[in-house]
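Inspection log for the structure reproduced underneath, given as structure tokens.
Just so it is clear, the model here is predicted, and its values are computed rather than measured. Below, chains carry the letters A, B, ... as their sequence lines are ordered, and counting in each starts from 1.
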Amino acid sequence: MQEPSYIELLPNGGPVGLKAIPVLKYSDFSSQMAGMMSLETVHCVLYYAFPYNGGLKFIAVLADDTSGKFLVFSHEQNSRITTLDSLTPQIPALHLFEREIHENFGIGFDNHPWLKPVRFANDRHRKDLGMNDYPFYRIDSEELHEVGVGPIHAGVIEPGHFRFICNGEKVIHLEIQLGYQHRGIEKLMLEAKSGLTRSVLAENIAGDTAVGHAVTNAQLIESLAGITISDSLQVERAIALELERIAVHIGDTAALCADVAYQFGQVVNEALRTTIINTTQLWCGNRFGKGLIRPGGTHYPLTSPVIESMLNTLNDTGFRFREITDNIFTAPSLLIRFDGIGIVTRNQALSIGAVGMAARMTGIARDIRTTHPTGHYSVLKYEPIIQETGDVLARAMLRNLEACKSIEMVTDRASALLATCHLQPATDNRQPITDNYLQPSSFALSVTEGWRGEIAHAAITGPYGEIVHYKIKDPSFHNWMALALAVRNQEISDFPVCNKSFNLSYCGHDL
Amino acid sequence: MFRSIKILRQHGIQYVPNLRTAKLTPLFRGRPVITGQLSAEQSAELANLCPSGAIEPNPFSIDLGKCVFCRECEFAAPDKIRFTNDYHIATNNRSNLIIRADQDIPIILDPDLVRKEIRTLFRRSLKLRQVSAAGDASNEMELNAAGNVCFDMGRYGIEFVASPRHADGLVITGPISENMAEALQICYDATPAPKLIILCGTDAISGGLFAESHALNRTFLNRYPIDLYVPGNPVHPLTFINGILDLIGRRI
């Protein structure tokens, strides 16, 4: 094979000219992709297509955990009526990326084992097919039965359809149909009248990751506008991201307790989550941090009264969270519902390209805060928390340990900020930018470790610095397949606790 | 055992005793107030700034059914617009959500518009089916929080139920995607009459940020009367609970 041909991007670096991205012949592209992804330390962050010069341009972004760089390369097709050799048989992690390209543009992928719709996006190639035409996997049998759940679920949650094939109570196969939540966000990002609208759209991609997506968008725009933000604002964003992580992990611990009928653990953790989101509300007026993050600045600089309240809350909540989790993780009646249930093996997680929590619970040290840090994480030297067993217990324990570690981290950072300020804002009050000039004809990438895993936003600008393509990837895009694998050979009654242990985003996937 | 008792003691009493008068933090973004007249130029600027088209320049007004509560208009014109922490912003009259200049008055529910059977049948017990139709999960989490130990709307007999067959109405979140339109209709049809429709969150009321998206199908809303509009992004649990209490005519 010839020398690999790609351009390297630094996590904190600026954009690259679109023309600087090597364009490979598809055969070279395929062999390079397969070669590079044979390493465990390389995974695919993005692989997508967009209309270009009357045809399509396909961009692949791989993350190299060893060098801490993103590797970008591409191929182009003149005609939109093309069939390519699928890479999925060799690299299963690409299955959904190829399916997305197929759905959006009608590109065929020969030998793709599972070339099914992704989300029935509004501007899909086959407008004649809709949600009711999803081709579910079927097994003809007198012994087996199917169980369909959703799109509307029993609880107050987002919609999605789960189709189980069961042998008695045992799940043989689960297929997850998504797309009910599709709002056309990527297109709205292009039609947006201002940078502000894009920033607000970003924080509404997934309500439980408002800060994560808003930070990713802000970093992308700052990169394209050539803006460097102050150290203190970077600290502030890290605090916001970690508060989001703490709140969700505690909330999901409550939900896991609820799903195994441990009401005590549920109500205590719900109350603890409330204290964290109320701290975010005290800081910026919104319990989910909407409005807190803006490109280039902030409207809500941290002040000493807010930091003091934050420190008190974290101290108290941290203590009480350790007490209740000690209780949870020593109760045999709970452990029997978590331990060895819903296992995803390390090899499975690697092959589907799992990211974030879904990777770390099987012993894969995949954490953008460590491998590709941006902002304040570049100086934090974060060490990821790893679990080995890949079951519900591993995911519950990972949440527990990550919440505690983040509480420590925020306490440490916030105390340091407090020491340097007295009644004045702890961080500088720089006005956000709304419509700065963006570098023209460029490709920019921003990747952040949200609480679920890596969030990626990529933009392409035209000759006048206008955004001509905007790609969003929520970690759920990779990780829904992990849930489908986790419930194989489990009792169907274990599905809720398996589902909740991942808590994946429907709207983040459907966009 | 002793550890559980210890945790229970630490947990203490969490519930908010009076949900009508509870105060939120000063920065909470509730009902805005417009003070003084804005110049035509400034009005047009703010209308252009607003990411969800909630601002009408002439005469100047903010429509809370479209507002995503980002507060950017206040940052641009701090001497003219101020978001208060008044969370009592649910109403059954869509036009009550439009905030005009020099009108610092609470948003109220219009009792004459409430269908008679709502107050006779649901005043003491209201079971609701929630349908997320492309909601971003923040409204859904706040609706769950409305039933938790802090807000505990169950104390008034208000609860979410799993089946539409057991429900007295639907609470819709999200801008209603094309891909969810059919499921929403099926769920509505499965709910026994008389039934309520409550639109929860700015996305549901107007489409919000997504109003211009082609991926939506909001025709469901043209077919039925709406009983309550609850603005917010997301809706605060206190806004939701107070809105429902007003609707069913429940005093506490």
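Ranked by non-hydrogen atom pairs under 4.5 Å with chain B, the options A/E191, A/M131, A/R119, A/Q266 are led by A/M131. The greatest number of non-hydrogen atom pairs below 4.5 Å with chain B, out of A/I205, A/V200, A/D208, is found for A/V200. Contact count against chain A (heavy-atom pairs under 4.5 Å) is highest for B/R29 among B/H236, B/E142, B/R29, B/Q130. In terms of heavy-atom pairs under 4.5 Å with chain A, the best-connected choice from B/G135, B/S163, B/A183 is B/G135. The choice from A/T274, A/L282, A/V267, A/N204 that makes the most heavy-atom pairs within less than 4.5 Å of chain B is A/N204. Per-residue counts of heavy-atom pairs under 4.5 Å with chain A were compared for B/A162, B/P51, B/A134, B/G232; the largest is that of B/A134. Among A/L188, A/T209, A/D510, the residue with the largest count of heavy-atom pairs under 4.5 Å with chain B is A/L188. Interface check for chain A: of the options B/S4, B/C187, B/C150, B/P175, the most heavy-atom pairs under 4.5 Å are formed by B/S4. With chain A as the partner, the residue from B/L209, B/V149, B/L24 showing the most heavy-atom pairs under 4.5 Å is B/L209.
Between B/F75 and A/Y300, the ring planes lie perpendicular to each other; the angle is over 60°, past the 30° to 60° tilted range.
Contact of the B/C70 side chain with the A/R294 side chain is registered, since non-hydrogen atoms from C-beta on lie closer than 4.5 Å. By the 4.5 Å heavy-atom criterion applied to side chains, B/N148 and A/R273 are not counted as neighbours. Proximity of A/I152 to B/M180: side-chain heavy atoms (C-beta onward) are separated by under 4.5 Å at one or more points. Looking only at side-chain heavy atoms (C-beta outward), A/V156 and B/E140 come within less than 4.5 Å of each other. For the pair B/Q14 and A/E270, the minimum side-chain heavy-atom distance is 4.5 Å or more. By the 4.5 Å heavy-atom criterion applied to side chains, A/H182 and B/E178 are not counted as neighbours. A 4.5 Å side-chain heavy-atom check between A/E323 and B/K6 finds at least one atom pair inside the cut-off. Residues B/I7 and A/N327 form a side-chain contact, since some pair of their non-hydrogen atoms from C-beta on lies under 4.5 Å apart.
Residue contact with chain B, scored on non-hydrogen atoms closer than 4.5 Å, involves the backbone and the side chain of A/D326 alike. For chain B, the nearby part of A/T330 is the side chain; its heavy atoms alone come within less than 4.5 Å. Only the backbone of B/A133 comes within contact range of chain A, with heavy atoms under 4.5 Å apart. Heavy-atom distances place both the backbone and the side chain of B/F210 under 4.5 Å from chain A. Interface residue B/F151: only side-chain heavy atoms are found under 4.5 Å from chain A. Residue A/I324 touches chain B through both its backbone and its side chain, counting heavy-atom pairs closer than 4.5 Å. Contact of B/N139 with chain A is not made at all, since no heavy-atom distance falls under 4.5 Å. There is no contact between B/T173 and chain A, counting heavy-atom distances below 4.5 Å. Both the backbone and the side chain of A/K290 come within less than 4.5 Å of a heavy atom of chain B. Looking at A/F319, only its side chain comes within 4.5 Å of chain B, counting heavy atoms on both sides. The contact between B/V161 and chain A is made entirely by backbone atoms, counting heavy-atom distances below 4.5 Å. Contacts of A/F288 with chain B are made by side-chain atoms alone, with heavy-atom separations under 4.5 Å and no backbone atom involved. Both the backbone and the side chain of B/L8 come within less than 4.5 Å of a heavy atom of chain A. If you measure heavy-atom distances from A/L272 to chain B, you find no contacts under 4.5 Å at all.
In this structure, the side chain of A/R287 does not engage the main chain of B/S138 through any donor-acceptor pair within 3.5 Å. Side chain of B/S177 to backbone of A/Y180: a donor-acceptor contact under 3.5 angstrom is found. A/N286 places a side-chain N or O within 3.5 Å of a backbone atom of B/N233 that can act as its donor or acceptor partner. No donor-acceptor distance shorter than 3.5 angstrom exists from the side chain of A/E158 to the backbone of B/D136, with no hydrogens or angles considered. Checked by atom type and distance alone, the side chain of B/N179 pairs as donor or acceptor with a backbone atom of A/F120 at under 3.5 Å.
Of all heavy-atom pairs between B/A215 and A/G184, the closest is CB-N, 3.9 Å. A/Q181 and B/S132 make their closest contact through NE2-OG, 3.9 Å (heavy atoms, listed as atom of the first residue, atom of the second, distance). Shortest non-hydrogen contact noted between B/A47 and A/K193 is O-NZ, 3.6 Å.
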- Going through the checks in order, is the side-chain contact (heavy atoms from CB on, under 4.5 Å) test met by B/M141 and A/I277? CA-CA 12 Å; B/M141 281 191 283; A/I277 60 176; over 6 Å; no

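To the nearest 0.5 Å, atoms CD (B/E72) and OG (A/S194) are separated by 9.0 Å.
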